[in-house]
Visitor: 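Right, I'll just put the structure down here and ask away after.
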Amino acid sequence: MILDSKNAREVQIPIDCDFENQSASLGLLRNAKHAFATRAFCLLETYQARRPITPWARCLCYNAAKTMRTAFLGIWRTFAVTFFSLCALVENAITIPFFAPAQRLQARAGWLQRWSRFASRVVGIRITTRGSIPRSGLLVSNHLSYLDVIVLSSIRPCVFVAKRDVAGWPFFGWLARAAGTIFVDRENRLSSPAVVDLVRATLASGSVVVLFPEGTSSDGSTVLPFKSALLESAVQLRCPVASVSIQYALDDGSVADEVCYWRDMTLVPHLLNLFFKREIRSSCSFSPLRIRTGNRKEIARELREEIMWMRS
């Protein structure tokens, strides 16, 4: 009923019976839907109560998801490191020749530092330091893995002294040659005048020269005896020498078997396994830089004792 203002009277508006029937039908439909949903929910609760998800099933699902994440992480790291390394090698080949000969060693060391910082971030190497790495001079280190090069280069541009066998390694051999590594023959070591001259030229350029006097890598349980011939350059050049102790830690594996590269391990499988590790922690402890006195055997003994003391 509405009011007709023109004639001042009430007017009755008939209601459509079909509309009333449709409203009733919709109400019945809504009630039926609600009843069906309630019944389905009750049946679901009853099924879950009778057939609960067992703990082993939850564990299986969690392990499957974790395995997929780890596999994806390893594949992505492998692609990222390989692609960036190829780009870095191309950059090295193009840019280094434009530097003056006296500046090329520093340029190569700076190039290696950029690559090492990228690689450490991608691979998940978290580096902590105690003390400060020298800006120049000789740096003597214990040797556990090829990761030692990445760790030390990430902190400061360095030039490394390595055995000539490293030059033939896949991947790391290419990087070592591009970074200006000084290669040494096993028979001659650093007592040869040619190698001492190379070390002298590198120190004169203001770079840090890193030596691994153990002569090989180990499992990290101890520090192997130093080869005193590798310290002949320190005796002849009378340059300041510092030492560094490198250690690693893993949450999901064995450092001796999966981080340290020693015995008869194969490079490529060892490297690929590292790509699947969530995080690798590295700690570096540095001793003060100073000129060492005595012959090369006395200097080797003194530096080894320093590193062993910093490890404890």
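The model shown is predicted, which means the values in this text are computed figures rather than measured ones.
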Visitor: When rounded to the nearest 0.5 angstrom, what distance separates CG in Asp257 from CH2 in Trp262?
Guide: 7.5 Å

Visitor: Quick one: are Arg108 and Ile96 in side-chain contact, heavy atoms under 4.5 Å?
Guide: yes

Visitor: Measure across Ile155 and Arg117 and return the closest heavy-atom pair with its distance rounded to 0.1 Å.
Guide: O-NH2, 4.0 Å

Visitor: Taking only residues two or more places apart in sequence, or in another chain, which ones meet Arg304 in a salt bridge (charged side-chain N to carboxylate O under 4.0 Å, His left out)?
Guide: none

Visitor: Which is it for Glu306 and Ser243 under the side-chain hydrogen bond (donor to acceptor under 3.5 Å, both in side chains) test, yes or no, and what are the steps along the way?
Guide: CA-CA 7 Å; Glu306 278 186 7; Ser243 61; 2.7 Å; yes

Visitor: Taking salt bridge (charged side-chain N to carboxylate O under 4.0 Å, His left out) as the test, write out the residues that go with Asp219, two or more places apart.
Guide: none

Visitor: Return the CD to CG distance between Glu232 and Asn295, rounded to the nearest 0.5 Å.
Guide: 10.0 Å

Visitor: Met310 versus Ser287: any side-chain heavy-atom pair under 4.5 Å?
Guide: yes

Visitor: Working to the nearest 0.5 angstrom, can you tell me the gap between Leu73 CG and Arg278 CZ?
Guide: 10.0 Å

Visitor: So does Val149 get a backbone contact from the side chain of Ser153, meaning a donor-acceptor N/O pair under 3.5 Å?
Guide: yes

Visitor: Take atom CH2 of Trp174 as the centre, draw a 6.0 Å sphere, and report whether it contains more than 12 heavy atoms from other residues, nucleotides or ligands.
Guide: no

Visitor: Start with the C-alpha gap between Arg164 and Val184, add the side-chain angles, then the distance that decides, and say whether side chain to side chain contact (heavy atoms under 4.5 Å, CB included) holds.
Guide: CA-CA 5 Å; Arg164 189 169 296 277; Val184 182; over 6 Å; no

Visitor: So which heavy atom on Lys277 is nearest to which on Asp252, and how close?
Guide: NZ-O, 2.8 Å

Visitor: Which atom names give the shortest non-hydrogen contact between Leu224 and Ser217, and what distance separates them?
Guide: CD1-O, 4.4 Å

Visitor: I'd like to check Leu274 versus Ile280 (side-chain heavy atoms, cut-off strictly below 4.5 Å). Are they in contact?
Guide: yes

Visitor: Between Val209 and Leu152, is there shared hydrophobic-cluster membership here, with clusters defined by ILVMFWY side-chain heavy atoms closer than 4.5 Å?
Guide: no

Visitor: Test: ring-ring contact (aromatic ring centres under 6.0 Å, His included). Region: residues 92-112. Which pairs qualify, not counting sequence neighbours?
Guide: none

Visitor: Please determine whether side chain to side chain contact (heavy atoms under 4.5 Å, CB included) holds for the pair Tyr261 and Leu267, giving the CA-CA distance in whole Å, both sets of side-chain angles, and the decisive distance to 0.1 Å.
Guide: CA-CA 8 Å; Tyr261 184 72; Leu267 177 61; 3.5 Å; yes

Visitor: Is there any side chain to side chain donor-acceptor pair (under 3.5 Å) pair reaching into residues 75-97, and which pairs are they, with sequence neighbours excluded?
Guide: Ser85-Trp115, Glu91-Arg114

Visitor: To the closest 0.5 Å, what do you measure between CD1 (Ile150) and CD1 (Ile127)?
Guide: 9.0 Å

Visitor: For the CD atom of Glu302 and the CZ atom of Arg292, what is their distance to the nearest 0.5 Å?
Guide: 4.5 Å

Visitor: Does Ser283 have any side-chain hydrogen bond (donor to acceptor under 3.5 Å, both in side chains) partners at least two apart in sequence or in another chain, and if so, which?
Guide: none

Visitor: Is the closest side-chain heavy-atom distance between Phe212 and Leu144 below 4.5 Å?
Guide: no

Visitor: Taking only residues two or more places apart in sequence, or in another chain, which ones meet Arg200 in a salt bridge (charged side-chain N to carboxylate O under 4.0 Å, His left out)?
Guide: Asp197

Visitor: Which pairs, with at least one residue in residues 264-276 and sequence neighbours excluded, count as a side chain to side chain donor-acceptor pair (under 3.5 Å)?
Guide: Tyr146-His270, Glu258-Asn273

Visitor: Return the minimal non-hydrogen interatomic distance between Ser285 and Arg130, and the atom names on each side.
Guide: OG-NH2, 3.2 Å

Visitor: Can you name the one residue among Leu105, Val195, Leu211 that meets side chain to side chain contact (heavy atoms under 4.5 Å, CB included) with Ile182?
Guide: Val195

Visitor: Tabulate below the donor-acceptor pairs under 3.5 Å that side-chain atoms of residues 134-143 make, not counting sequence neighbours, or state none.
Guide:
residue	atom	partner	partner atom	Å
Asn142	OD1	Ile246	N	2.9
Asn142	ND2	Ile246	O	3.1
His143	ND1	Asp148	OD2	2.8

Visitor: Members other than Val90 in its cluster, when Ile, Leu, Val, Met, Phe, Trp, Tyr link by side-chain heavy atoms under 4.5 Å?
Guide: Ile94

Visitor: Check whether any side-chain heavy atom of Pro240 lies under 4.5 Å from a side-chain heavy atom of Arg290, and answer yes or no.
Guide: no

Visitor: Please list all pairs passing the ring-ring contact (aromatic ring centres under 6.0 Å, His included) test where one or both residues lie in residues 279-306, with sequence neighbours left out.
Guide: none

Visitor: Could you go step by step and tell me if Gln247 and Arg311 meet the side chain to side chain contact (heavy atoms under 4.5 Å, CB included) rule?
Guide: CA-CA 8 Å; Gln247 293 177 287; Arg311 283 168 49 87; 4.1 Å; yes

Visitor: Suppose we screen for side chain to side chain contact (heavy atoms under 4.5 Å, CB included). Which residues come up paired with Val166, at least two apart in sequence or across chains?
Guide: Ala162, Lys163, Trp169, Ala176, Phe183

Visitor: Would you check if the side chain of Ser145 reaches a backbone N or O of Val259 as a donor-acceptor pair within less than 3.5 Å?
Guide: yes

Visitor: Heavy atoms, side chains only, cut-off 4.5 Å: are Leu303 and Val241 in contact?
Guide: yes

Visitor: So how far is it from Gln106 CD to Thr202 OG1, rounded to the nearest 0.5 Å?
Guide: 10.5 Å

Visitor: Over all heavy atoms of both residues, which pair between Tyr248 and Leu147 is shortest? Give the atoms and the distance, please.
Guide: OH-C, 3.3 Å

Visitor: Consider only side-chain heavy atoms of I, L, V, M, F, W and Y, link residues closer than 4.5 Å, and tell whether Leu272 and Leu250 are in one cluster.
Guide: yes

Visitor: What residues, two or more places apart in sequence or in another chain, satisfy side chain to side chain contact (heavy atoms under 4.5 Å, CB included) together with Arg126?
Guide: Thr128, Glu279, Arg281

Visitor: Return the minimal non-hydrogen interatomic distance between Val122 and Ala80, and the atom names on each side.
Guide: CG1-CB, 4.0 Å

Visitor: Under 4.5 Å between side-chain heavy atoms, counting indirect links through other Ile/Leu/Val/Met/Phe/Trp/Tyr residues: same cluster for Phe275 and Ile125 or not?
Guide: yes

Visitor: Does any part of the side chain of Ile307, heavy atoms only, come nearer than 4.5 Å to the side chain of Phe226, both counted from C-beta?
Guide: yes

Visitor: Can Val196 and Leu237 be said to form a side chain to side chain contact (heavy atoms under 4.5 Å, CB included), step by step?
Guide: CA-CA 8 Å; Val196 173; Leu237 301 177; 4.2 Å; yes

Visitor: Any heavy-atom pair between the side chains of Ile133 and Cys158 that's under 4.5 Å?
Guide: yes

